[in-house]
Amino acid sequence: MEIVHTARVDSPIGTMRLASTAMGLAYVELPHADGRGLDGWLRRCLPGASVEEGFAPNRSATRQILEYLEGTRTEFDLALDPRGTTFQRRVWTALAEIPYGETSSYADIARRVKRPSAARAVGAANGANPLSLVVPCHRVIASDGHLGGYGGGLPLKARLLAMEQAHQPSQECLL
């Protein structure tokens, strides 16, 4: 039987829940998420798993997520265990390649995964991303520049994008 370690994390954006397996971080539940949440994810992706509350297995993920939310981390260095279809995992891999402080459109991601007419399917895969913040689905916007949807709500998406823009490393050459 697979064991899932969960932890509640108080953060600058509210209380989140993290879930890790032996393979790595598997789920990040944002505060006020409008999706199905950790319990729904467990029922869909790990039915029958033993769930244990425990901070230790989620210590590194907690530290890195808090550093990101404080604006001191621009990349994550975590073992991940994303559960999804082959297409969803391809989309999530493309999301992870969007640089900090930048955005990409659903159509851009569709082209990147070699399914140029699948922008809506990309949107669905984006919405199913179990690793919010770590796999930056908030960096995906509509082709016309509108924010589109976000499981944590549009105000949080706008806040995350603004934070990344404010903490964007300077591209200027220092002499």
Residues 37-54 side chain polar contacts: donor-acceptor under 3.5 Å, at least two apart:
residue : atom : partner : partner atom : Å
Arg44   : NH1  : Gly40   : O            : 3.0
Glu53   : OE1  : Thr6    : OG1          : 3.0

Minimum-distance pair of heavy atoms, taken over all atoms of Pro12 and Arg159: O-NH2, 3.2 Å

For Thr62, give me all partners under side-chain hydrogen bond (donor to acceptor under 3.5 Å, both in side chains), at least two apart in sequence or on another chain. none

Taking side chain to side chain contact (heavy atoms under 4.5 Å, CB included) as the definition, give me every residue that meets it alongside Glu97, ordered by chain and number, with sequence neighbours left out. Thr93, Arg112

With rounding to the nearest 0.5 angstrom, report the CE to CD1 distance, Met163 to Ile13. 9.0 Å

What is the minimum heavy-atom distance between Ala118 and Ala110, and which atoms define it? C-CB, 3.9 Å

Between Lys157 and Gly152 (side chain of the first, backbone of the second, donor and acceptor by atom type, cut-off under 3.5 Å), is there such a pair? no

Distance-only donor-acceptor pairs under 3.5 Å for side chains of residues 128-148, two or more places apart:
residue : atom : partner : partner atom : Å
Asn129  : OD1  : Leu131  : N            : 2.9
Asn129  : ND2  : Val135  : O            : 2.8
His138  : NE2  : Tyr68   : OH           : 3.1
His138  : NE2  : Glu164  : OE2          : 2.8
Arg139  : NE   : Glu164  : OE1          : 2.9
Arg139  : NE   : Glu164  : OE2          : 3.2
Arg139  : NH1  : Ile98   : O            : 2.7
Arg139  : NH2  : Glu164  : OE2          : 3.0
Asp144  : OD1  : His146  : N            : 3.0
Asp144  : OD1  : His146  : ND1          : 2.9
Asp144  : OD2  : His146  : ND1          : 3.0

Where do Ala125 and Trp92 come nearest, in terms of heavy atoms and distance? O-NE1, 2.8 Å

Contact summary for Glu75 and Gln64, nearest pair of heavy atoms: O-OE1, 4.5 Å

Roughly how far, to the nearest 0.5 Å, is CG of Leu25 from CG of Leu80? 6.0 Å

Salt bridge (charged side-chain N to carboxylate O under 4.0 Å, His left out) with Glu2: which residues, sequence neighbours excluded? Arg83

Could you tell me which non-hydrogen atom of Pro57 sits nearest to which non-hydrogen atom of Ser20, and how far apart they are? O-OG, 3.9 Å

Would you say Leu154 ends up clustered with Leu161 if hydrophobic residues are merged whenever their side chains have heavy atoms under 4.5 Å apart, either directly or through other cluster members? yes

Here the gap from Ser104 atom OG to Ile109 atom CD1, rounded to the nearest 0.5 Å, amounts to 4.0 Å

Which value, rounded to the nearest 0.5 Å, describes the distance between Met1 atom CE and Ile3 atom CD1? 8.5 Å

Atom pair CD1 (Ile65) and CG (Asn58), whose distance is rounded to the nearest 0.5 Å: 8.5 Å

Both conditions, 6.0 Å and 45 degrees, for the charged tip of Arg17 above the ring of Tyr27: are they met here? no

Can you list the residues that meet the salt bridge (charged side-chain N to carboxylate O under 4.0 Å, His left out) rule with Arg111, with sequence neighbours excluded? Asp108

Quick one: are Glu102 and Gln165 in side-chain contact, heavy atoms under 4.5 Å? no

Quick check on Arg8: does its CZ atom have over 12 non-hydrogen neighbours (other residues, nucleotides or ligands) under 6.0 Å away? no

